[in-house]
Amino acid sequence: MAQDPSASRPVSRLSKESSRQQGTTESHVSSPLSSAKDRSRPGSLNLNESSPLLSPQRSQDERGPEDRGTSPGLLDWNEGEEEQSKSTFYLIILTLGIGGLQIAWATELSNGSPYLLSLGMSKSLLAFVWIAGPLSGTLVQPYIGIRSDNCRSPWGKRVPFMLAGALATAISLLCLAWTREIVHGFLGLFGANPESHGVKVCSIIFAIIFVYVLDFAINTVQAGVRAFIVDYAPTHQQEDANSWAGRITGIGNILGYISGYVNLPEIFPWLGNTQFKVLCVIASVSLCGTIAITSLYIRERDPRFEGPPSEANPGILSFFRQVFNSIRRLPPRVAKCAKCSFSTGWAGSAFYSTLQPGSVNCMSTLTSPHIPTSHQPKSTKLGKTPRGLAHSHS
């Protein structure tokens with residue numbers, strides 16, 4: 001019996017549709033190997049895919065204004081990822097700035113007291129001047145630390161303070177070394193006698209101002225450099241970074257103190273006609289050069305991508321309140337270390353150890369208790385020799 005062709009037509013259409021659906025299902029349910037191959041192909045990754053092995057990707061609409069212009073890979077990095085170890089050369093460059101800083105410290109500590117006395121300053125007034133060191137260390141470094149933590153400059157958190165502090169330190173050293181020339185030249189425009197008592201007092205006041213500016217600037221650099229080392233040394237290499245910082249600190253101190261014993265005006269006459277002038281120029285170039293090398297080689301992350309700071313920059317009164325509250329809440333071990341440091345009397349030894357050996361040497365050969373001007377360079381060199389030897393063993 002012949003079949004009706006109209007009856008077979010729906011059956012064939014139904015079979016075709018079922019086979020088409022089956023093929024579609026098979027194409028969706030692919031093997032793990034083929035899916036892995038597909039995912040490995042460029043451009044085949046679905047950005048909206050949710051997987052416990054992938055960090056969630058944010059769409060363009062979900063990103064804030066601080067995220068624009070950056071790739072998703074930079075934004076969605078895995079915080080649990082292991083940090084890569086840095087080379088020894090990287091750690092040396094990271095801590096190089098603290099070496100230039102110590103040369104500046106050595107120049108001030110070893111030559112500051114004899115130089116200020118040569119301007120006619122009394123020893124009692126000299127003690128008041130050197131309060132600037134402990135005072136700036138107590139107040140400036142915590143304040144700079146807070147401001148740098150809240151800094152959102154495109155140059156970074158620490159680098160702006162390091163560069164500004166290095167520049168201010170260099171200017172202060174040069175102004176301090178050329179105090180006589182600056183004051184005498186300025187007051188000479190008004191017809192003042194350079195040998196008068198008023199010009200002498202103005203020179204002392206000018207030197208005191210720039211000693212305070214110098215100490216505040218040096219502590220600005222020191223706060224930035226220390227925070228920079230902690231920020232950019234890997235967690236498992238913090239001890240290595242601190243070790244290199246200690247080595248470079250010792251090298252900077254040795255170079256700073258020993259170079260003061262060399263007759264620098266004969267070697268570098270174009271840098272100045274006195275020992276202190278040449279030392280200040282060398283210290284300024286060393287500090288600015290090392291800070292520039294560290295800042296250029298190790299580029300800081302843009303802090304604007306971290307969002308707004310956790311807290312606003314404190315005012316002066318709130319800053320003092322915060323400092324004293326932090327002192328009261330120190331951990332027991334940290335408090336003991338602070339008490340030991342407070343009772344060592346390091347500041348007196350640092351500022352007067354250069355004068356004492358030279359004074360003893362001059363008193364053994366002279367009847368006058370005051371060091372004559374002609375004997376001051378020799379006495380200063382004698383005073384710096386034991387300090388250089390002490391730092392070479394530290």
Check whether any side-chain heavy atom of [X] sits under 4.5 Å from a side-chain heavy atom of [Y], and report yes or no.
X      : Y      : value
Val199 : Asn193 : no
Trp105 : Leu101 : yes
His236 : Ser85  : yes
Cys280 : Leu176 : no
Phe268 : Val281 : no
Leu109 : Tyr257 : yes
Leu264 : Lys277 : no
Thr274 : Val278 : no

Tell me if a side-chain donor or acceptor on [X] pairs with a main-chain N or O of [Y] at a distance below 3.5 Å.
X      : Y      : answer
Thr294 : Ile291 : no
Gln237 : Lys86  : yes
Gln102 : Ile251 : no
Gln141 : Gly224 : no
Thr179 : Cys175 : yes
Ser118 : Tyr115 : yes
Ser295 : Ala292 : no

Item to complete: Would you mind telling me which of Phe210, Phe216, Tyr212 makes a side chain to side chain contact (heavy atoms under 4.5 Å, CB included) with Ser172?
Response: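 Answer to the side chain to side chain contact (heavy atoms under 4.5 Å, CB included) test with Ser172 among Phe210, Phe216, Tyr212: Phe210.
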Item to complete: Quickly, which of Trp244, Tyr90, Phe228 forms a side chain to side chain contact (heavy atoms under 4.5 Å, CB included) with Thr95? Name it, please.
Response: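 The single option meeting the side chain to side chain contact (heavy atoms under 4.5 Å, CB included) with Thr95 is Trp244.
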Going only through I, L, V, M, F, W and Y residues with side-chain contacts under 4.5 Å, is there a path from [X] to [Y]?
X      : Y      : answer
Ile282 : Trp178 : yes
Tyr297 : Val230 : no
Leu94  : Leu163 : yes
Leu296 : Leu287 : no
Leu255 : Val225 : no

Interatomic distance, [X] atom [atom1] to [Y] atom [atom2] [nearest 0.5 angstrom]:
X      : Y      : atom1 : atom2 : value
His197 : Lys200 : NE2   : NZ    : 7.0 Å
Ile182 : Leu187 : CD1   : CG    : 11.5 Å
Gln238 : Asp240 : CD    : CG    : 9.5 Å
Leu126 : Leu119 : CG    : CG    : 10.5 Å
Ser87  : Ile93  : OG    : CD1   : 9.0 Å
Ile98  : Thr249 : CD1   : OG1   : 4.0 Å

Item to complete: Could you walk me through whether Ile218 and Glu108 pass side chain to side chain contact (heavy atoms under 4.5 Å, CB included), step by step?
Response: CA-CA 10 Å; Ile218 287 182; Glu108 180 188 8; 3.8 Å; yes
Worksheet item: Salt bridge or not for Lys157 and Glu306, using N-O below 4.0 Å?
Response: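 Between Glu306 and Lys157 there is a salt bridge, with a charged N closer than 4.0 Å to a carboxylate O.
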Item to complete: State plainly whether the residues Asp149 and Arg158 are in salt-bridge range, i.e. N to O under 4.0 Å.
Response: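 Yes, charged N to carboxylate O under 4.0 Å.
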For [X] against [Y], the heavy-atom pair lying closest together:
X      : Y      : value
Pro303 : Gly156 : CD-CA, 3.7 Å
Gly165 : Thr169 : O-OG1, 2.7 Å
Met121 : Val129 : SD-CG2, 3.8 Å
Pro160 : Trp155 : CG-CB, 4.0 Å
Ala241 : Ala233 : CB-CB, 3.7 Å
Ala104 : Leu173 : CB-CD1, 4.4 Å

Item to complete: Run the numbers on Gln222 and Asn219 for side-chain hydrogen bond (donor to acceptor under 3.5 Å, both in side chains), then give the verdict.
Response: CA-CA 5 Å; Gln222 189 162 335; Asn219 278 279; 5.4 Å; no
Worksheet item: Will you find, in the side chains of Glu266 and Asn263, an N or O donor that is under 3.5 Å from an N or O acceptor?
Response: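 Indeed, the side chains of Glu266 and Asn263 share at least one donor-acceptor pair under 3.5 Å.
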Item to complete: Give a yes or no on whether Phe186 atom CZ has more than 12 heavy-atom contacts from other residues, nucleotides or ligands under 6.0 Å away.
Response: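 Check fails, neighbour count at 12 or below.
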Discussion item. Quick check on Arg299: does its CZ atom have over 12 non-hydrogen neighbours (other residues, nucleotides or ligands) under 6.0 Å away?
Written reply: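 Counting other residues, nucleotides and ligands, CZ of Arg299 stays at 12 neighbours or fewer.
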Fill in: Derivation and outcome, side chain to side chain contact (heavy atoms under 4.5 Å, CB included), residues Arg147 and Phe161
CA-CA 9 Å; Arg147 294 301 299 264; Phe161 294 93; 3.9 Å; yes
Practice prompt. Hydrophobic side-chain clustering at under 4.5 Å (ILVMFWY, transitive links): who's grouped with Ile103? Put none if nobody.
Written response: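 ILVMFWY cluster around Ile103 holds nothing else.
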Discussion item. Using the rule given for side chain to side chain contact (heavy atoms under 4.5 Å, CB included), can you reason through Leu125 versus Ile208, listing the C-alpha separation, both sets of side-chain angles and the distance that settles it, and then say yes or no?
Written reply: CA-CA 10 Å; Leu125 183 58; Ile208 292 174; 4.1 Å; yes
Item to complete: Report the C-alpha separation of Ser284 and Leu174 in whole Å, then their side-chain angles, then the decisive distance to 0.1 Å, and conclude whether the side chain to side chain contact (heavy atoms under 4.5 Å, CB included) test is met.
Response: CA-CA 8 Å; Ser284 301; Leu174 298 178; 4.1 Å; yes
